[in-house]
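Following: one structure in structure tokens, then a few remarks.
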Amino acid sequence: MLVMMSLRSEKSDRSKLREGLAPYRRWGRDLDAESVEQMERACRLPVSLAGALMPDAHVGYGLPIGGVLATDHAVIPSAVGVDIACRMRLSVFDLPPTELENRTDRFVRALETETRFGVGATYSPRRQHPVMDADWSVSPVTRAEKDRAWAQLGTSGSGNHFVEFGVITGLKEHPTLLPSPRVALLSHSGSRGTGAAVCKYYSAVARKKHPELPSSLRDLGWLDLDSEEGQEYWQAMELMGRYAAANHELIHRHIARHLGLEPMLEVENHHNFAWIERHRISGKEREVVVHRKGATPAGKNVLGIIPGSMASPGYLVLGLGCAESLDSASHGAGRRMSRTQARRQLNWRGLQELLRRRGVRLLSASLDESPEAYKDIEAVMAEQHDLVEPLARFEPRIVRMSGPHEHPED
């Protein structure tokens, strides 16, 4: 099935860089200069129409994490990201917070039994989901990777991916929210090794198609949506979106079943994805491809989840539909230290003391995921008050992540 999109409304020379930058706005203070430079390089592409940089921005591959880019009839694999359709999912249960305090071991066992983390994580016997009955022949990569995808179905990645129990407390009146604090389950991960393989393959194709790009922009090669490669990538990306959603669905389903519970509220959203949307660009409403790399969809009245860190709060938010942000918000707090810097400057003793003070039980993680490696989530939320409205706050209590020495997949 082909992606349908209207023809480009403007004739332009797509072999030459823009003379000036496509209009973009940035949120947040003290953004690192390199992520700003990456965003501005992306805004020089001939296919770029508009952009936005979120307050959690930090350096990424091609486009910065926290970068939002609208393009003309073109998709940029590296602007979608390596972990295609990385995603958040929240389940709220009708349990008071005292359950986590009084029956901690019950929740620990559920996480340890029903989750697996890391680059090589698989299930045997394999978990079942209708996504594996989809058409995996939409691209040569998904066709070749289907067996690995099935083996990894229901697992989580490494790096900043997590599954955690915590307490969610309503901050605003809203029809879907509970009047008092409840136990909740929150997860973050994406499309595993198959998504990474799709990104690697089509990023290489896009680079080869655009030898005219200078070396500083080579990683931002694009695929026209009416090309065979563009159609293949788009359909593979869509499949990875369904696959990532299936991973989270299975994680939450198996944990809930282990505990004998049914969720009373479920919310989820992608980041690291591209959408065909209508936006007003330079005074004219038109159809564009919106890439949100590490950015949360935040259209008017759209629910989303913005996490903090293993010991910092996350938020259930309501999008405000800000046109200048292309209906987007941050996807988290954002790193303030690189992984290398965090490993050099932080230590386990300090992390364990921080976790003790904040009442968090950590089952596994790497040191470079310490809350001290991240920006202040409260400051980030304040910097995007015009993008989202916080409805509820999630406080982590029992956290599981990939262990040390794993290659980060975020």
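Model, not experiment: these values are computed from the prediction.
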4.5 Å side-chain heavy-atom contact, Arg358 and Pro371: yes
Check whether any side-chain heavy atom of His254 lies under 4.5 Å from a side-chain heavy atom of Arg127, and answer yes or no. yes
Residue pair Ile255 / Phe165, side-chain heavy-atom distance below 4.5 Å: yes
Would you tell me whether His252 and Ser91 have side-chain atoms, one donor and one acceptor, within less than 3.5 Å of each other? yes
Ignoring hydrogens and angles, tell me if any N or O in the side chain of His210 forms a donor-acceptor pair with the backbone of Trp222 under 3.5 Å. yes
Min side-chain heavy-atom separation Ser330-Thr296 under 4.5 Å: no
Is the side chain of Lys208 donor-acceptor paired with the backbone N or O of Ser203 at a distance under 3.5 Å, no angle test? no
Okay, side chain of Arg18, backbone of Arg44: is any donor-acceptor separation there less than 3.5 Å? no
Decide whether Glu324 and Tyr24 meet the rule of one side-chain donor and one side-chain acceptor closer than 3.5 Å. no
Salt bridge (charged side-chain N to carboxylate O under 4.0 Å, His left out) for Glu164 and Arg397? Distances and angles first, verdict last. CA-CA 7 Å; Glu164 57 193 27; Arg397 289 291 179 266; over 6 Å; no
Identify the residue among Asn269, Leu318, Val317 that makes a side-chain contact (heavy atoms from CB on, under 4.5 Å) with Leu303. Leu318
Verify the neighbour count for atom CD of Gln345: are there more than 12 heavy atoms of other residues, nucleotides or ligands below 6.0 Å? yes
Under the salt bridge (charged side-chain N to carboxylate O under 4.0 Å, His left out) rule, what do Glu383 and Lys375 come out as? Steps first, then yes or no, please. CA-CA 12 Å; Glu383 289 165 347; Lys375 299 177 184 179; over 6 Å; no
Looking at Asn272 and Cys86, would you say the former's side chain and the latter's main chain have a donor-acceptor pair under 3.5 Å? no
Hey, is the main chain of Val131 close enough, under 3.5 Å, to the side chain of Trp136 for a donor-acceptor pair? yes
With no hydrogens and no angle check, just 3.5 Å: does a side-chain donor-acceptor pair link Ser189 and Arg87? no
Arg344, CZ atom: more than 12 neighbouring heavy atoms under 6.0 Å: no
Full working for salt bridge (charged side-chain N to carboxylate O under 4.0 Å, His left out) between Asp327 and Lys300: CA-CA 8 Å; Asp327 291 348; Lys300 185 72 173 176; over 6 Å; no
side-chain hydrogen bond (donor to acceptor under 3.5 Å, both in side chains) for Thr194 and Ser191? Distances and angles first, verdict last. CA-CA 6 Å; Thr194 304; Ser191 52; over 6 Å; no
I'd like to know if the side chain of Thr115 and the backbone of Leu111 have a donor-acceptor N/O pair within less than 3.5 Å. yes
Using a strict 4.0 Å threshold on nitrogen-to-oxygen distance, state whether Glu99 and Arg106 make a salt bridge. yes
May I ask you to check if Arg126 and Trp150 form a cation-pi contact, with NZ or CZ under 6.0 angstrom from the six-membered ring centre and within 45° of the axis? yes
Side chain proximity check, Trp275 to His270, heavy atoms < 4.5 angstrom: yes
Do Trp234 and Glu238 have side-chain N/O donor and acceptor atoms under 3.5 Å apart? yes
Does any N or O in the side chain of Asp56 come within less than 3.5 Å of the main-chain N or O of His331, such that one atom is a donor and the other an acceptor? yes
Where the side chain of His58 meets the backbone of Asp32, is there a donor-acceptor pair that is under 3.5 Å apart? no
Is it true that Arg336 and Asp376 make a salt bridge, defined as a side-chain N closer than 4.0 Å to a carboxylate O? no
Working for side-chain hydrogen bond (donor to acceptor under 3.5 Å, both in side chains), residues Ser156 and Arg116: CA-CA 6 Å; Ser156 300; Arg116 294 190 183 176; over 6 Å; no
Which is it for Gln152 and Thr122 under the side-chain hydrogen bond (donor to acceptor under 3.5 Å, both in side chains) test, yes or no, and what are the steps along the way? CA-CA 4 Å; Gln152 293 188 322; Thr122 60; over 6 Å; no
Minimum-distance pair of heavy atoms, taken over all atoms of Phe93 and Leu261: CD2-CB, 3.8 Å
Candidate pair Arg242 and Glu249, rule salt bridge (charged side-chain N to carboxylate O under 4.0 Å, His left out), full reasoning: CA-CA 10 Å; Arg242 295 194 293 275; Glu249 182 183 337; over 6 Å; no
For His161 and Ser402, which I'm curious about, is there any donor-acceptor pair between the side chains at under 3.5 Å? no
Can you tell me if His271 and Arg292 form a side-chain donor-acceptor pair at under 3.5 Å? no
Just verifying a value: how many Å separate Glu229 CD and Glu232 CD, rounded to the nearest 0.5 Å? 7.0 Å
Does CD in Glu262 sit with more than 12 non-hydrogen atoms of other residues, nucleotides or ligands closer than 6.0 Å? no
Backbone of Asp135 reached by a side-chain donor or acceptor of Lys146 within 3.5 Å: no
Side chain to side chain, Met310 and Phe162, heavy atoms closer than 4.5 Å: no
Flag the pair Ile168 / Leu90 as yes when at least one side-chain heavy-atom distance between them is below 4.5 Å, and no otherwise. yes
With no hydrogens and no angle check, do the side chains of Glu268 and His248 hold a donor and an acceptor under 3.5 Å apart? no
Has Arg393 got its NZ or CZ under 6.0 Å from the middle of the six-membered ring of Tyr315, at an angle within 45 degrees of the ring axis? no
Considering only heavy atoms from C-beta outward, does the side chain of Ile76 approach that of Val80 to under 4.5 Å? no
For the pair Arg25 (side chain) and Leu53 (backbone), establish whether a donor and an acceptor sit closer than 3.5 Å, ignoring hydrogens and angles. no
Between Ser325 and Ser328, do the side chains contain a donor N or O and an acceptor N or O under 3.5 Å apart? no
Should the heavy atoms of other residues, nucleotides or ligands under 6.0 Å from CZ of Arg26 be counted, would the total exceed 12? no
